[in-house]
Structure formats: C-alpha cells, structure tokens
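What you see below is based on every heavy atom in this structure, not just the backbone, and it leaves out hydrogens, waters and symmetry mates. Note on naming: letters A, B, ... go to the chains in the order of the sequence lines (proteins, then strands), and numbering restarts at 1 for each one. Quantities reported herein were computed from a predicted structural model and do not represent experimental measurements.
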Amino acid sequence: MAESIQHIISLSSRLHSHDFLSKSDYDWQIQELISILKRSNYSLLSGGLLTDLDPFEHTLPFLFALLCQIDSVQSRTRSALPEDVKPGGKLWSKTIQFLRTLNSSQICYVWREWCQLVEVILRAAENVGKPLLAVRVTSDAILRVDPTASLFTSFHPTFLRLCLLSQAHSYALPILDKHISRYRTGFELPPKNAGGYILSSDNYTDNHATEATDMSTRLTHRDLSKYYLYGGMIYMALKEWDKALHSLSIVISLPVVNSVSKIMVDGFKKWVLVSLLRHGKLATTPKMISTHVARAYQALAKPYVSLADAFEKGDHHRLRTEADLGKPIWRADCNQGLVHQIFRAYDMFLVLKLGSTFSALTTGHIAKRASSSLGSTTSIESLVACLVMSEVLEAKLLQLQRDEFPTMLRFPTSVRVHSKRRDITRLELLRKGYTLELLARGIGERNNEFRMGHDNIDFLMKCQGWPGISGKGTQGGFDSTIAGVEEDIMGDIN
Amino acid sequence: MSAPSLSQEQLAAVISSADTPSKLYGTLSPYEEEAYLLSFQDDRQAELLSQYYAAYFLSHLLTDQIYEARALTKRMPQDLLQTDSSLQNCLALLRANWQHKHELVYKTLRELRWSEILKPIVQSYDTYFQEKTLRELSRTYEAIRPATAASYLGLDPESTARGDPATIGKLTAHGWTRDEQTGLLHPKAIVDDSEKDARSYNELSEIMALIGSRQG
C-alpha cells in the first residue's frame, strides 16, 4: 500500500516539474495518475494524505483524497452533508485550503471531480445558513481554473443563488460579468498558458469529450434559466439595469417546447419592471420569442402589463391604483422592491420627457405637470439636481437671486447632447467589441475542435491530393476549391 | 502567504497604511469571512467587529459602492447593528447618502461620535464627499445661491452667503466666480477627460482590427 502512495506522489511530483516533459508525456502521465486515483480505494486515500500533501504540489491526489473522504463520511453518517463537511468541520477547512491553493492547470483534467467538490461546499454553506463563507472562495477558484469564466457548469446557478442569499452581490460579478460561451464541452483543451501545454492528441480529446458529455448531461434547461434569472436579480440589486435586462432577456427567450416554465414567467415579470425602470417604457421584446410564448407571457403577467401600460401612458392616478391593487401579487412574486422604485422612476422619466420637448423651463412649470407626489418646487429642484449630478439627465440649473423665484432648468444644446450620446455609443461599442472578441475566440476554438480551421482544411486538401494547393499558399482558384471543401465537410457532418 | 488574523492592532495597521480608498477596501475585504465567523462565537469581540464592519462600510462609500454598502449592512451581525453606536452611525450615513441629503451626510460625519480608530476614514470620506459634490455641482449649476452651495458642500451657510473670503476662496480655487451684484456663484464647467477619450479610441481601433482580421 505504501508503495502505491509513493507511486502516486512520485507521479504527481513529476507532473509538477512538467517543464522537462514533452506534451505527450505530460498528457500520458496525468492520465495515468488520474486512472490510478480513480481506481484507488478509501484506505489508500484516507489517513494523513490531506495533512501531508501540499494542495498545490499534489493537486490531483489531494482532490481525490478529499472527495474520497467526503464520500466515506457521507456513507458512515448516512447524511449528504455531515458535520465534517459543513463550515467549521475538518473536511470543510481542507476543502477551503484546497480551493485557495490548487494548481489550476491540472483541474481541467478532472472537471467532474472539481464540480463535485465545489457543489459540496456550496450546499454545505447554504445548509448551515452561512452562504457568505462559500461565495468568495468559489468565485476566486472559478477564475483561477477558468480565467475567462466562459464555461457554464452545474454549480453556476447554485453559486449565484448563494451570492443572492448572502447579499454578497459584488462577489458574483467577476463571473457574471463574463460571457458564457461554452456549455456542452465542459472539458475541452486546458488553458493555452497552462504550463505551456496545448494538448491536441486524439486520445486526449476523445477521453475528455466523453467526460464532457457526462458533465453536460447533468446540465438542464432549468439550470440555464435559473442562472440568468439569478444573474438578473444580482444586477437589479446593484441597479445595473442594462445588464439586468440583458440577463432577463435571455431567460424569457429560451427555447420552449410546449409551455413556458415558471422561471421564464418570473423572468418576464421582472423584465417588465426593469424595462420601466431603465427606459420608462417596455423594452422591445426579444425577436427570438415566438408569438404564442409572447401571448402566454401577456396572459400570465397581466397585472404587470397593466402597470406598465399606466406608466407608459403617464397616468399617475391609474399607476397608483394598479400598484395598490397588485400588492399581494408583487409580494407573492418578491417584486415589491421593484414596484416601489417605479414611482421614483415615473417622476424621473417625466422630467426627461419634458427635456425632450422644451429647451428651458422653470421648476414651477414642472410642478404643474408633475404628479402630486413631487410636491413643492424645492423638491422638484432636488430631484432634477440629483438627476443631473448622477448624469441621468443632461441639463443645467440656473438659480435666481431670491429664494422665491423658481429655478430655471436649461436643456443642453444639440452639440452637447450629441457629445454625450457619442460617448455612450462608444462605450457600447467597446462592450460589444469585447463580446465579439470572445465570440471570435470561441469560433476559433470550435474550428479547431471540429477541424475546420485553415490549417486542418489545408492539410485535408493536401492529403486528398486536390489541385490548387501548393506549399506556397492557396492563391489561384482558392475560392472555388474552398467552396467545394466546405460543402464536403458539411455533408459529412449531416 | 496568508494575511494576519483580524485584531484591533491589525485593523489599526490596515487603516493607517492604506494610502488609497481602493487599497483600504481591498485589504479589508478578505477579512469579511473571518469577521462573519467571529460574530457567531459566544465570546465574540463586539468592539473589534463593530470597528471592522464600520471601517469596511466606509471603504465601500469611499469607493462609490453605495449599493454594496447597503448590502453590507444586511450582512453584518444584525443584533450588533441595532445596538452598536458606530454601526448605527453607518446606517444614518447610508440613509443620508441614499436620500441625497447632503447636509445630513456632513452632519452625520462631523457631529456624531466616531471611535478613534475610525476617525481618519471618516475624515477622508468627508473630504472625498465634498470634492465629489463640488465636481457634480460644477456640472449641474450655471448659477447657484451661496446658501444652496453651502448646503451641498457642507460649508457654513452664513459665511458663504456673506461672501466671506475664506469660504468663497475654497470655491474660487476651483474656478468658481462670484457675481458681486447678485451674490450668485457661477461654477466652472468641467472639461472632458481627453486621456480617457484617447484610450477609448485606441480600444475601438483594436476592435476594428479584430473585425478586419476575421473578414479575411
């Protein structure tokens, strides 16, 4: 037995000094180690392994030993979450130690085990009502293992739920702000900078494609809709309305087979309210939503649609009535906070609308048009000043000498408005640009995965002895040849 | 290397050594789990917890994270929040900030009792809030009565209205002018940040290059 442990440690140590190994040797050795660890029984992986081993030096043995001991204590206590696994327990502290110090380049070889471990600590923290203890360590660990945070796993929704439960919204942002671009291939190639290895052998890809499929079978439509709904809720808490709308748009436009899910209806209700808070009207419904789904939303969220209608028509009295009548509904749907914010947004958009009509007016004029809730000209000035100070409204206030004279509000010349809009557009372009870059990278990776990249196509054409391909490049008749190859490849896939 | 455990000495060292608000926030943030665990202990150190959470709360305000500051007040030990004077001060400060009641913000910062360890951060926030409001006012008003400006900036209303040189000097130092006839103050408009502008253009160029490379 001792020899086997020595063998594991020896193999693991060799991996750590992988600078001296070739790519194929590294791949082979890590597979061998994983295979030994998977075959190892409890007696081998128990004992002092967690005390003696350094989680960074021996990431894989440490991970398997942790999972084995968690499994053992679960079996012994006949509990999914025994005391040892909960915060303060022996295995909890070892897991936290592991997540903080693991060698991220090795985790991508044991994706399933990694997900299992993270799920255990997330569930344990939630179970004892201390979700805060798991969120930051999980967020940090996810980013170390997957710096782009583009891979969706089974624990992503749970992670966001814990962020919501613990009110630690900002801890979710490093993950949530990244675009998810990979679902099915839970495990692909390790990061390109992971020890300088880009593993591409058939054996490697095939093995892990199988593992990835295992992982993906556990991911469901529900996981995805929950993730984006929770994401939307986190952005709502931070009043990042644009991002919240984006997340909720994904929830409400997910593919539907027969009927819409409850999560999607909840998402639609929040989407209506966030639309009002962000734009002062209902945002355009995503084009991906089919007509029958849109009709279902309208029917299932009728009080929300009526509220939005009153808001859009500027009918303050009706808005108040709808809000009062719907109180039990808002409470049951946990949307009271959002509905409460609607009234301030109503006043805000009223001022913004006036700004698009007039070039200048006094606070007295606004008072005549505003709802009674705004009250005096002083409170109107405070609201307008607050809007301008927080850069929601582009205007200038001009106070007169004496208090009794109302303050003048001047809306800017077109040049300034255009300048502001230009800045907003530029920022929007930048955001889209980063998304595009991510998409381009994803396409590149998929091309490699499906062997659709230029290199592979060139290689394929050379192997088939097609004309027009020479070592000098692909000039001369390239277009027609490529067109033929693409058809050929698509034919194979079909 | 793990950071030293949370203690009053460590907290004092962190507060005195952080030379920027973001560093203060960054250094205090990793202690939250430890503080959270401490709060469940029977013999918890209430004073340490109060000082830690108050300092951490203020570091949120110093880094313009008001929504997260509000969330922090929900993560704090709720029994301590209800009884501890420093944390009650934090709540009052949050409420004043949330409601954009500038006068109340200054009043909370200047007139309520803060523990010695927190005083440097409270002072920093006072200065930060005043400077931030001055920038915002410069963008918002073409002409403003001295009394209104004083209430926004936490200045003495009487001396500002009187045109006291010492008080007005603080504003004219930022390019504001005073109309002697009307007594109105005219803030100076803020110039666009050209450096930021140039950076955005560079980033856009990179994106266009990326699109170009994909078209080929």
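Counting heavy-atom pairs closer than 4.5 Å to chain A, the top-ranked of the candidates B/R75, B/K74, B/H100 is B/R75. Between chain B and the residues A/S390, A/S166, A/S382, the most heavy-atom pairs under 4.5 angstrom are made by A/S166. Taking B/L72, B/L137, B/T182, B/T148 one by one and counting their heavy-atom pairs under 4.5 Å with chain A, the maximum is reached by B/T182. Contact count against chain B (heavy-atom pairs under 4.5 Å) is highest for A/L133 among A/V135, A/L133, A/L393.
The 12-atom threshold is exceeded at NZ of A/K239, counting heavy atoms of other residues, nucleotides or ligands nearer than 6.0 Å.
Outside the 6.0 Å centre-distance limit, the rings of B/H186 and B/Y141 are not counted as a close aromatic pair.
Proximity to chain B (any heavy atom under 4.5 Å) is restricted, for A/A237, to the backbone atoms N, CA, C and O. Within the 4.5 angstrom heavy-atom criterion, no atom of B/H60 approaches chain A. Using a 4.5 Å cut-off between heavy atoms, B/L184 contacts chain A through its side chain alone, with no backbone atom that close. Looking at A/R410, only its side chain comes within 4.5 Å of chain B, counting heavy atoms on both sides.
Relative orientation of the B/Y125 and B/Y128 rings is tilted, given thresholds of 30° and 60° on the angle between their planes.
Between A/D242 and A/R278, at least one side-chain nitrogen of the basic residue sits less than 4.0 Å from a carboxylate oxygen of the acidic one, meeting the salt-bridge criterion. The pair B/E103-B/K107 fails the salt-bridge criterion, with no side-chain N (NZ, NE, NH1 or NH2) lying under 4.0 Å from an Asp/Glu carboxylate O.
Among the candidates A/L238, A/L176, A/L173, A/D177, the single residue satisfying the side-chain contact (heavy atoms from CB on, under 4.5 Å) test with A/K243 is A/D177.
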